[in-house]
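Quantities reported herein were computed from a predicted structural model and do not represent experimental measurements.
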Protein chains: 2
Amino acid sequence: MADKKMILGMTLNSGYGNISGAWRAPEVDPGNYANIESNIRYAQAAERGGFAFLFTPDFPTVRGDVEFSGIQNIMEPMMALAAISQATSNIGFIATGSTTFQEPFNTARQFKALDAMSHGRAGWNAVTTSDSMVSANYGRPVADRAERYQRANEAIQIVQALWGSWEKDAWIKDQASGRFLDASKLRPVNLQGEHVASRGPLPIPPSEQGQPIIFTSGGPSPHLLELAGRYASGFIAEVWTIEEARAQRQMVRDAAERAGRNPDEIKYIPGLMTTVAPTVRAGLDRRLALSGDVIEARLPHVGALLGLQLDPSRYDQPLTEAQLRAAHASPMDPRSGIVLKVAREGWSPRDILAHGVIDFHPTTVGPAEVHADHLQEWLEAGAADGFWLSPDIYEDGVDAFVDEVVPELRRRGIFPEEYVGSTLRENLGVPAQYGLDPRVAGGTS
Amino acid sequence: MADKKMILGMTLNSGYGNISGAWRAPEVDPGNYANIESNIRYAQAAERGGFAFLFTPDFPTVRGDVEFSGIQNIMEPMMALAAISQATSNIGFIATGSTTFQEPFNTARQFKALDAMSHGRAGWNAVTTSDSMVSANYGRPVADRAERYQRANEAIQIVQALWGSWEKDAWIKDQASGRFLDASKLRPVNLQGEHVASRGPLPIPPSEQGQPIIFTSGGPSPHLLELAGRYASGFIAEVWTIEEARAQRQMVRDAAERAGRNPDEIKYIPGLMTTVAPTVRAGLDRRLALSGDVIEARLPHVGALLGLQLDPSRYDQPLTEAQLRAAHASPMDPRSGIVLKVAREGWSPRDILAHGVIDFHPTTVGPAEVHADHLQEWLEAGAADGFWLSPDIYEDGVDAFVDEVVPELRRRGIFPEEYVGSTLRENLGVPAQYGLDPRVAGGTS
Ligand SMILES: Cc1cc2nc3c(=O)[nH]c(=O)nc-3n(C[C@H](O)[C@H](O)[C@H](O)COP(=O)(O)O)c2cc1C
Ligand SMILES: Cc1cc2nc3c(=O)[nH]c(=O)nc-3n(C[C@H](O)[C@H](O)[C@H](O)COP(=O)(O)O)c2cc1C
């Protein structure tokens with residue numbers, strides 16, 4: 001454990017950031033959503049900080065309160081990453097792609113093309129896409145979980161088999177002898193599932209890492225765990241506490257063992273939202289300036305999470321001694337323990353919310369040590385192999401993390417001094433893969 | 001007619017070229033297929049020459065005699081063009097995408113993302129994909145033409161409706177007032193066809209040209225003509241003679257009129273393969289050096305095309321007077337007239353084939369005037385609105401065309417002196433399109 005180093009990834013989305021109102025920050029160009037140039041800049045900043053990968057979540061629809069809060073999703077992950085691949089040289093790409101709403105041959109081809117174009121830096125976050133707004137865009141209802149995961153298993157097997165359909169030395173390209181490739185080393189796939197099928201081979205040679213890797217993400221349903229155990233090299237998680245994360249990491253590792261794999265082959269990667277600032281107070285103010293209205297609307301929740309009746313006229317004052325004594329964290333909501341902890345530090349209800357305590361991820365606010373402490377604690381508790389970070393505002397939040405937190409992590413010896421290599425597999429510590437994976441060779445039917 | 005100017009497009013494929021054996025040319029890196037950098041270089045060369053668009057044909061499979069002749073297809077068109085879009089600023093992109101093997105929502109999204117990323121330079125070559133090797137990669141048999149075109153009509157209507165689903169001024173992005181967009185100006189599509197359906201809207205704003213344009217390509221079946229007449233702004237053709245091209249162009253224009261459109265809204269664009277060289281002899285030698293073996297194997301066809309028995313021992317000598325008198329072009333094969341014309345110029349059977357007379361397109365070989373004469377003759381005969389060019393070898397063939405032929409075309413006043421604008425629609429002379437096309441608004445059912 002002593003010299004275990006963490007993997008860091010960073011989300012990329014709309015070009016603004018991950019707190020509500022990020023698009024309104026004065027340093028942000030509100031046109032960034034349609035300007036790939038902004039995401040290229042953030043990718044380069046993350047690469048400067050030694051991040052192993054960029055992660056693009058993907059919900060292909062117009063979601064949420066876009067009228068005021070802006071858009072959260074990237075325009076289109078594969079096109080964006082193709083562009084970013086040409087402006088970077090070490091950072092990898094974990095792009096979300098749906099097993100339900102994409103043809104496996106197209107998925108295999110685009111990810112392998114990205115892998116070739118980036119010289120071995122591609123990975124696929126394979127998700128079943130259960131959002132009904134998304135499925136309507138494909139003219140279909142949401143299938144039940146069993147059917148979605150049946151198709152997902154078939155799709156991943158086909159995609160991996162297509163990726164492996166050129167043997168390592170199939171591509172001869174010898175100008176002198178005139179032999180371009182050895183067709184006997186291109187293997188058809190011939191997989192026929194219940195939902196999807198493909199013949200192959202895929203017309204793309206192995207990359208510097210052989211082929212892309214598979215990630216998945218979600219809540220730990222038995223279906224998802226089984227899928228992760230079989231195929232995934234990484235598991236993107238959303239958990240609130242160390243206890244939750246340790247338990248979930250163990251479930252994921254157990255699933256890998258049940259599939260006959262070494263549990264160290266699957267990296268468990270929970271999320272963290274970051275606001276880097278000279279002081280905690282300055283960080284809270286940065287968050288309040290943009291998300292103040294959202295926080296205002298949520299103030300009534302603080303009392304509920306602590307089992308208290310709070311007086312709205314005192315939302316800007318710390319809780320009283322009596323309130324703190326009466327407060328208790330609900331065992332049903334993992335976030336309420338964090339609310340209580342922050343309340344005990346003496347923050348007002350408004351500042352408690354500004355700590356991001358009920359946002360989508362755990363949040364760290366303040367100078368480098370605050371972030372480094374959180375990351376180190378989770379790493380050393382066996383709650384994570386790495387983290388996917390969601391900076392509050394990309395425009396300056398990535399540089400701040402890279403310039404302030406990364407050096408602190410390196411001082412503590414828990415983050416690599418430089419890239420291990422130039423492929424995603426090298427930087428994640430996952431072996432290269434050429435040809436068919438033995439787990440896939442059996443076929444889907 | 002006097003000041004009609006031609007549109008030029010250029011194919012992009014594997015990174016080698018369009019003659020057999022191009023991958024073996026000494027100036028070519030045989031690894032180019034997997035190195036997007038080569039296609040970026042060729043795209044930049046074409047842009048320097050004022051080309052309006054790059055055209056990526058697409059057959060997603062391993063086709064042909066790849067063992068020796070190399071690969072003809074680009075690795076993946078959309079990913080490649082996303083990368084190229086960031087390294088160019090005026091040239092447009094006509095990417096082939098299948099109406100049969102892609103989900104309309106994914107097609108709409110990726111093309112519109114390319115359109116946004118390139119600031120208004122995207123177009124979709126919508127084809128039904130009738131190749132059985134391709135359909136096997138999607139686990140399906142080739143559907144009959146009626147079904148393929150039914151789905152194509154539905155898919156194009158859905159894609160165009162999705163492209164138009166943001167009104168021009170929907171995206172407010174006003175940081176001061178906090179309004180990101182006017183959700184009342186995002187319209188669901190709600191199209192339900194027999195094969196495909198979508199709700200929408202698409203989460204991508206209009207580009208500098210509003211939305212991408214539609215092209216199509218193929219032989220002029222009634223189904224394809226009807227589709228082209230309804231939706232296409234460009235028709236990519238493969239024809240051998242001026243007569244064929246004039247007749248086909250008229251068919252395409254008539255189809256547009258039947259659909260209630262101005263026939264000038266659809267550009268008819270036949271192909272040409274080019275070998276630019278100081279002399280015709282030098283050009284033939286360049287072609288023989290790489291395609292000599294293919295030409296050797298085809299020599300027996302020359303006699304058949306002329307209705308003659310040719311003596312293999314005289315393949316390197318011009319035809320005799322008696323042979324030329326006896327020779328006649330078959331009315332069944334448009335290429336035989338070209339064979340006869342070249343034979344009468346005094347070339348040997350081997351050199352006749354080196355002229356590319358039975359390749360996929362008409363071919364021009366030699367100095368600038370040869371190419372300019374062909375292009376001018378077709379343009380002025382009403383056989384073309386523009387041309388898609390297939391250079392013999394990309395590595396030096398694009399620069400040669402740009403440096404030698406383009407200035408000659410400009411001297412003759414038949415090619416624009418510079419880009420009309422920075423969007424594809426401007427450079428093709430097609431009006432911008434925002435919101436729903438009235439032809440689409442009716443729905444598919
Ligand atoms: C951290 C995290 C990231 C996710 N990213 C995506 C995503 O980008 N796209 C998506 O469709 N679903 C995403 N999901 C949703 C899951 O893939 C899955 O649909 C959800 O957990 C329900 O899955 P189930 O049917 O297994 O319960 C994500 C979930 C989590 C926890
Ligand atoms: C110049 C030209 C380019 C074409 N490009 C493609 C292509 O890139 N991909 C494809 O699947 N078909 C392509 N086609 C084939 C046509 O789209 C079509 O499948 C073929 O003409 C048969 O269509 P039909 O069913 O209308 O007869 C091309 C055809 C021509 C003439």
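When side chains are defined from C-beta on, Gln86(A) counts as touching Glu37(B), because their heavy atoms get closer than 4.5 Å. Here the side chains of Tyr138(B) and Val196(A) are not in contact, with every heavy-atom distance at 4.5 Å or above. By the 4.5 Å heavy-atom criterion applied to side chains, Tyr33(B) and Pro205(A) are counted as neighbours. At a threshold of 4.5 Å between non-hydrogen side-chain atoms, the residues Met78(A) and Met78(B) do not count as touching.
Residues satisfying the ring-ring contact (aromatic ring centres under 6.0 Å, His included) test with Tyr394(B), not counting sequence neighbours, are Tyr42(B).
When Met75(B), Arg199(B), Met79(B), Gln102(B) are compared by the number of non-hydrogen pairs under 4.5 Å with chain A, Met79(B) comes out ahead. Between chain B and the residues Asn190(A), Leu181(A), Val189(A), the most heavy-atom pairs under 4.5 angstrom are made by Leu181(A). Among Phe101(B), Phe105(B), Phe68(B), Phe180(B), the residue making the largest number of heavy-atom pairs under 4.5 Å with chain A is Phe180(B). Options Ala25(B), Ala197(B), Ala83(B), Gly178(B) differ in how many heavy-atom pairs under 4.5 Å they form with chain A, and the most are formed by Gly178(B). Annotation: maximal heavy-atom pairing with chain A below 4.5 Å, among Ala80(B), Gly70(B), Ser135(B), occurs at Gly70(B). Counting heavy-atom pairs under 4.5 Å between each of Pro60(A), Ala34(A), Gly21(A) and chain B puts Pro60(A) at the top.
For the atom pair CD of Glu103(B) and OG of Ser98(A), the computed distance is 9.5 Å after rounding to the nearest 0.5 Å.
Across every non-hydrogen atom of Arg109(B) and Asn73(A), the tightest pair is NH2-ND2, 3.3 Å.
For Asp174(A), the part lying under 4.5 angstrom from a heavy atom of chain B is the backbone only. Neither the backbone nor the side chain of Leu162(B) comes within less than 4.5 Å of any heavy atom of chain A. With a 4.5 Å cut-off on non-hydrogen atoms, Glu67(B) touches chain A through its backbone and its side chain both. Proximity to chain A (any heavy atom under 4.5 Å) is shown, for Ile172(B), by neither the backbone nor the side chain. Looking at Ala87(B), there are no atoms closer than 4.5 Å to chain A (heavy atoms on both sides), in backbone or side chain. In this structure, chain B has a heavy atom under 4.5 Å from the side chain of Ile40(A), while its backbone stays farther away. Only the side chain of Ile36(A) comes within contact range of chain B, with heavy atoms under 4.5 Å apart. If you measure heavy-atom distances from Phe59(B) to chain A, you find no contacts under 4.5 Å at all. Contacts of Ser177(B) with chain A are made by backbone atoms alone, with heavy-atom separations under 4.5 Å and no side-chain atom involved. Interface remark: Ser207(A) contributes no atoms to any contact with chain B (heavy atom separation under 4.5 Å). The part of Arg140(B) that comes within reach of chain A is its side chain, from C-beta onward, which places non-hydrogen atoms under 4.5 angstrom from that chain. No part of Ala108(B) comes within reach of chain A, as not one of its non-hydrogen atoms sits under 4.5 angstrom from that chain.
A donor-acceptor pair under 3.5 Å is formed between the side chain of Arg24(B) and the backbone N or O of Gln175(A). Between the Asn137(A) side chain and the Gly200(B) main chain, a donor and an acceptor come within less than 3.5 Å of each other.
The stretch residues 110-119 of chain B places Gln110(B), Ala113(B), Leu114(B), Ala116(B), Met117(B), His119(B) near chain A, each with some heavy atom under 4.5 Å from a heavy atom of that chain.
The pair Asp29(A)-Lys173(B) does not meet the salt-bridge criterion, since no charged nitrogen lies less than 4.0 angstrom from a carboxylate oxygen.
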